[in-house]
Structure formats: structure tokens, C-alpha cells
Amino acid sequence: NTLFGRARRQREAYDWLAAAGGHAELGEMQKTGGFSRSVITGLEEKGLVGLEDQEVMRDPFHAANDVVPPDLTPTPDQRSVLDGLMEELEHTPPTPVLLHGITGSGKTLVYIEILREVVERRGKTAIVLVPEISLTPQTVSRFRSHFGDGVAVLHSGLSVGERYDAWRHLRSGEKRFAVGARSAIFAPLEILGAVIVDEEHEGTYKQSEAPRYHGRDLAVVRAARAGALCVLGSATPSLESWSNAQAGKYRLLTLPDRATGQPLPPVSVVDLRTPGKVGDQTAPGRHGSEGRGAGDRVLSPALVSAVRDRLTRGEQTILLLNRRGYSSFVQCRECGDVRACPHCAVSPTYHRVSQRILCHHCRYEEPAPNRCERCGSSELSFRGLGTEQVERVVSETFPAARVARMDVDTTSGKWAHHEILGRVERGEVDILLGTQMIAKGLDFHRVTLVGVVNADVGLHLPDFRASERSFQLISQVAGRTGRGPLGGEVIIQTSLPDHFVIRLAVDHDYAGFAERELRERLEPSYPPVVRLANVVVSSPDEERAAAVAEGGARWLRNWIRSNGGGVEVVGPAPAPIERLHGRWRWHFLFRAPSAAALGGAARAFMAGFKPAGGGDVRVALDRDPVALL
């Protein structure tokens with residue numbers, strides 16, 4: 001009492017601090033205890049407390065350390081793969097390894113065992129790349145359950161401060177293991193022993209804006225320069241990696257069976273060409289009635305029956321549609337006019353929740369229209385199918401089901417991916433529906449049904465990789481089921497049941513697909529048969545963009561005539577999406593038989609070609625593009 005006199009709040013603060021163990025954050029005392037700064041300053045002036053700054057490193061994934069690692073013993077196939085990886089570790093430098101393991105074959109266990117050898121036994125460092133932020137929490141949980149606080153996380157979904165702290169941990173050597181999306185390949189690690197690229201086929205590893213790079217290819221280069229082992233893992237490898245393995249540039253190791261002994265799930269196909277199964281719709285509510293059979297056009301009777309069966313048994317379902325929003329475009333029924341984005345040569349997507357139309361390229365948005373801009377008619381048709389519409393149909397068809405949607409619109413929050421997947425893992429979701437982000441890396445044993453709502457989305461895009469991406473997406477999402485003792489089933493809805501992509505995906509025949517698709521790329525020649533570069537010229541002036549593209553292609557052809565190298569120029573022509581962000585786009589391709597020949601032509605073009613005339617014009621060269629849109 002002598003120390004505090006009449007300062008009752010000072011005594012309360014002193015007692016609060018003592019009960020907290022003698023130390024606490026100043027902000028916590030002010031927020032939780034309700035003590036003002038003047039009360040604490042008074043204690044400091046009396047010499048009863050001291051204030052000091054302490055650095056606290058931010059770790060957004062600290063809870064992942066609490067996960068108990070499963071006690072797993074490698075299967076004979078996994079042991080064989082691990083023996084092969086151990087052999088490569090003894091080579092200087094190791095040959096890059098393509099690990100082709102079917103979905104559920106236990107590639108993660110192989111990663112963990114080889115990382116244990118590299119990091120714990122050999123005292124080196126390692127990098128693990130994953131293609132999506134949505135996979136990061138689950139991946140971090142798996143690795144941290146084995147390696148504890150030694151794992152740092154790097155990806156764009158973290159705050160600047162969190163990324164900075166992770167970077168400093170790695171640079172100082174305090175943490176020896178980086179996990180993250182493509183930019184994690186730049187982690188400041190010394191004595192690098194291994195680089196693992198999970199789902200190496202994913203296009204998200206490509207940085208499509210300057211500085212352009214491919215995380216997978218850079219992983220191979222960085223590992224080679226460091227004398228480290230590079231492992232590229234996938235159930236559906238990119239054709240580039242598959243060709244490198246067939247040519248002996250990579251070592252091919254395979255996991256042909258699931259680690260649990262379960263077979264791959266049976267796949268059945270529903271033909272959407274049956275009358276009444278496919279149609280257009282007006283938007284609900286203010287835009288009119290959906291009419292009868294709308295749900296039938298989204299979910300076939302076979303898929304509805306299969307989902308209902310899972311709900312009865314208390315099991316889970318995943319539904320895939322790789323297109324977000326409610327409807328793909330708005331069209332006038334009177335004059336046929338389609339509402340277009342004022343800045344891009346695409347139609348904005350209708351989003352029913354916000355009652356707005358949104359361009360997914362430039363983010364232009366406006367309220368959903370009531371009338372046609374061209375003729376004034378109120379008869380508008382909202383056509384095409386998106387995840388919002390599937391969610392509505394699912395909720396109406398199965399009103400008692402707990403439904404979660406996972407796409408860009410529902411995962412904009414920092415921890416939204418983690419929260420949704422956590423609910424699925426805890427059994428709080430009966431039906432998870434979404435875009436391609438639900439098709440990879442997820443491992444939920446209670447998921448016994450996967451439905452592909454429309455397998456045709458993306459199959460006929462004007463891009464040489466359209467078939468490859470479609471096969472990979474269907475195969476990957478099919479692998480999300482049948483991983484546990486409950487088994488699984490896959491139902492694919494398509495209007496193209498005889499397409500070779502669909503048929504080979506039904507048979508889980510990656511090797512057959514690769515053989516067929518590689519033949520298709522012989523003539524005309526596309527990667528991996530040749531190396532490719534895409535030059536895109538853009539300008540607000542369409543004629544200016546065309547003229548510069550023609551001049552650039554002409555300059556390069558002249559250079560080729562003087563320097564040879566087997567380089568071929570194709571084009572120029574308007575880009576498949578000819579206008580983006582208010583800029584007209586023309587492009588031309590050049591291809592070469594080797595990386596050296598392509599690189600020589602690319603360097604010469606960027607250094608030597610100067611667009612004639614003035615004006616706002618941009619010339620961008622994308623080497624080894626993953627898409628030509």
C-alpha cells in the first residue's frame with residue numbers, strides 16, 4: 001500500500017502482471033486488462049516494472065506444428081522409389097527425377113523421407129514448391145508435423161511482414177526448409193540439397209508477367225547449379241517432363257499403385273447430348289423465371305442419384321466445374337446482341353450473389369442489365385454455366401445438405417482456403433463444389449464421389465495445350481475419391497463422350513494420352529517437339545498493333561535468313577483474345593528445334609527490333625508459354 005498509495009489502478013496493473021507470470025505485451029495489458037499507458041508509465045517511474053522492445057517473429061502457420069504425424073511405413077513401391085532417389089543423391093550432380101505416381105500413390109511420403117535424408121541426416125537445405133495457395137496449409141501441416149519449426153512458408157497470400165520474417169529465418173539459417181508457391185524457388189538458402197516440385201504439370205508455376213519465368217524449369221536449373229536433387233512429381237506429368245524422361249534427360253521413377261492398396265475409382269460418363277439435359281436460362285429473380293428442368297440441365301439424374309446416395313450414407317461429394325460466376329454471358333433474345341466488356345474482347349460474367357456482371361480479365365463491373373443496350377428489349381438470356389449456378393441448383397436439389405463453394409470469389413480472404421478445407425476435413429461439409437483449385441492435392445478419405453459437371457469446359461480453347469490441360473484436370477479431380485476404405489466413384493458429364501481425352505481419362509490411361517497427344521504435336525510442330533516463343537504486340541490503336549506485329553515478324557524473318565538456326569516464324573495474326581485492358585493485341589510465334597536456337601533468336605529480336613513510329617505500343621516476348629490466349 002505504501003508503494004501505490006492512492007493509485008489503485010497501478011496496484012491492479014501490478015497484480016495483473018504478476019498473475020501473468022511477470023511479463024506481458026504492453027498492447028495486451030492495455031487491451032485485455034484495460035490499463036492506460038499512464039498507469040503503466042507510473043509503475044515504470046516507481047521502478048516496479050520495466051519496458052523493453054523484443055522482436056517477435058510472425059509465424060502464421062504455427063498451429064501446424066500441433067499435428068501428429070501419421071506412423072506410415074513405405075510400401076514396396078515407395079521403398080523402390082526412395083532407393084532410386086538415394087542413388088541420385090550420390091551422383092554429382094544428381095539427374096533430375098520425374099516421379100510419376102498415380103493419385104493416392106503416396107508421393108508425399110516419398111518427399112518426406114527424402115527430405116529427412118537431405119535436411120536431417122546430411123545437414124543441407126530444401127525447397128518444396130506447390131502450385132496453389134489453397135494447397136499450402138495442408139502441405140505445411142504435413143511437413144511441419146515431421147520437421148517442426150524448421151519449415152518456413154513463402155507465398156503471396158501472406159502479409160509483407162510475414163514473408164519478410166520467413167525470408168530472414170531462411171537467410172540466417174535458422175530455418176532450413178522452404179515451402180511455397182513458385183516464388184519460393186528464390187528462397188535464400190545455402191547448401192541446397194533438394195528441390196521438390198509437387199504437381200509439376202500445373203500452369204500456375206509460370207509467371208506470365210515480367211519477370212517471366214517457369215518455377216518448374218527454374219527449379220531444375222537451380223538444383224543443377226547447387227548440385228542438389230530435383231524431384232518433379234505428378235500423376236499427370238507435363239508432356240515436356242514426360243518427353244525429357246523418355247529421352248533420358250530425367251530419370252523416371254513410378255508409383256503405379258495407391259499406397260492404401262485401393263484401386264483407382266471406376267469412372268462412368270453421362271452424355272449431355274440427350275434432349276432436355278442442356279439448355280439456356282434467364283437469370284432468376286429480377287430477370288425472370290428459370291423454367292422447368294433447370295436443375296436437370298446442371299445435374300443429370302445419374303449424378304443426382306449418386307449424390308443422394310452419399311448423403312444417405314454420411315459420405316462426402318466433390319463437384320467440379322472450372323468456370324466461376326453464375327452465367328458466362330448475357331444475350332438479348334430479340335436481336336441476339338451479347339453484352340461485351342468495354343475494355344476487353346470478352347463477355348463479362350454474371351454473378352448472381354452481387355447482381356453484377358464482371359470481366360474476369362480487367363475487373364470491369366457494372367450492375368446486371370435489365371435491358372439490351374442495342375435494341376432496348378427486356379428479354380435477356382443469361383447463358384452458360386458457372387459455379388454460382390451449380391451451388392444454387394445443388395442447394396435446391398439437396399436442401400438438407402451442407403454445401404461449400406470454393407472458387408476465386410469465395411477464397412479472397414487470407415485464410416479462406418484453409419477455413420473451407422478445414423470444414424471438409426472435419427466432416428462439416430457434405431458437398432464441396434468449385435473450380436480447378438479443388439482438383440489437386442486434397443486428401444479426404446470420406447469423399448466417395450466426384451462429379452465433373454461439364455468436362456467440355458476448356459476442351460476446345462484455341463490453344464495447343466487445351467487437350468492436355470483438360471485431361472490433367474479430369475484425371476486429377478477423379479483422384480480425389482476412393483482414397484480410403486469406403487472406396488469411390490467418378491461421374492463425368494460431357495457432350496463429347498467419344499473425345500479421346502474423355503475416353504483416356506475414363507481409363508486412367510496417362511501413357512496412352514501422352515502417346516496420342518505427342519503425335520498430334522508433330523504437325524504442326526508444338527512443344528515439346530520444338531521450343532516455342534510468343535511475341536505479343538499491344539496498343540490502344542488496333543492498326544498500330546497490327547503494323548508493329550507485322551514489322552516484328554518481318555524483322556525476325558530477315559534475321560533468320562542471315563543467321564539460320566532452323567527457326568521458323570508463324571504469323572502475325574490477332575491474338576485469340578484480341579483486346580484486353582483496352583489494348584488491341586496481335587501476336588506471332590517463332591519456334592526452334594533447340595533451346596539454344598530459340599534463345600539466340602529471342603535475344604537478337606529483343607535487342608535489335610525497334611518499332612518504327614511513335615505511339616503507345618508494347619512488345620512482350622514470352623519464352624516457353626503455357627498458353628497462347
Side-chain angles (χ1 to χ4, degrees), residues 102-104 134 138 258 260-272 274 277 293-322 385-407 410 417 419-455 457 473-494 502 505-506 508:
I102 66 170
T103 54
S134 61
Q138 197 172 43
R258 286 189 155 179
T260 59
Q262 294 284 335
L264 287 169
V267 182
S268 56
V269 174
V270 174
D271 189 348
L272 291 178
T274 303
K277 293 297 185 293
D296 218 29
R297 291 191 293 263
V298 177
L299 304 177
S300 63
L303 186 53
V304 169
S305 175
V307 172
R308 184 168 288 123
D309 180 54
R310 268 61 186 186
L311 292 172
T312 301
R313 288 161 25 191
E315 297 167 2
Q316 294 172 305
T317 297
I318 286 178
L319 298 178
L320 169 77
L321 178 67
N322 199 26
L385 186 63
T387 50
E388 272 192 23
Q389 188 176 162
V390 175
E391 181 182 33
R392 182 192 64 80
V393 170
V394 167
S395 297
E396 291 178 355
T397 307
F398 311 105
R402 297 165 297 177
V403 181
R405 174 164 56 93
M406 193 166 173
D407 54 26
T410 63
H417 301 90
E419 191 274 332
I420 294 174
L421 295 179
R423 288 168 53 206
V424 176
E425 188 166 25
R426 293 189 299 271
E428 298 170 6
V429 171
D430 300 311
I431 302 172
L432 173 66
L433 66 93
T435 55
Q436 50 83 27
M437 63 176 63
I438 68 172
K440 61 199 79 165
L442 306 182
D443 188 0
F444 302 119
H445 285 192
R446 294 182 65 240
V447 172
T448 61
L449 174 66
V450 164
V452 180
V453 175
N454 190 338
V457 174
L473 183 62
I474 295 170
S475 299
Q476 289 285 338
V477 75
R480 299 312 107 204
T481 187
R483 289 171 168 253
L486 298 175
E489 178 188 4
V490 181
I491 295 177
I492 297 176
Q493 300 185 157
T494 175
I502 305 297
V506 166
H508 304 287

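Values reported hereafter were calculated over all heavy atoms of this structure, with side chains retained and with hydrogens, waters and symmetry mates removed.
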Under 4.5 Å between any side-chain heavy atoms of [X] and [Y], yes or no?
X: I438; Y: R480; result: no
X: L421; Y: F444; result: yes
X: L303; Y: L319; result: yes

Please report the shortest heavy-atom distance between [X] and [Y], naming the atom on each side.
X: T103; Y: G479; result: OG1-CA, 3.2 Å
X: D407; Y: T387; result: OD2-OG1, 2.6 Å
X: L311; Y: F398; result: CD1-CD2, 3.7 Å
X: D430; Y: A400; result: OD2-O, 4.4 Å
X: P266; Y: G488; result: CD-O, 3.3 Å
X: T481; Y: V490; result: CG2-CG2, 3.7 Å

Nearest 0.5 Å, what's the [atom1]-[atom2] distance between [X] and [Y]?
X: T317; Y: L432; atom1: OG1; atom2: CG; result: 10.0 Å
X: S300; Y: D271; atom1: OG; atom2: CG; result: 10.5 Å
X: L272; Y: T494; atom1: CG; atom2: OG1; result: 6.5 Å
X: R446; Y: R310; atom1: CZ; atom2: CZ; result: 13.0 Å
X: R483; Y: L264; atom1: CZ; atom2: CG; result: 10.0 Å

Backbone N or O of [Y] within a donor-acceptor pair of the [X] side chain at under 3.5 Å?
X: Q436; Y: L473; value: no
X: E489; Y: L449; value: no
X: R258; Y: G482; value: yes

Requested in this report: Indicate whether the side chain of T410 and that of R405 have a donor and an acceptor atom separated by less than 3.5 Å.
Outcome: no

**Report entry** R392 bridged to E396 by N-O distance under 4.0 Å
**Finding:**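 Yes, R392 and E396 are salt-bridged.
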
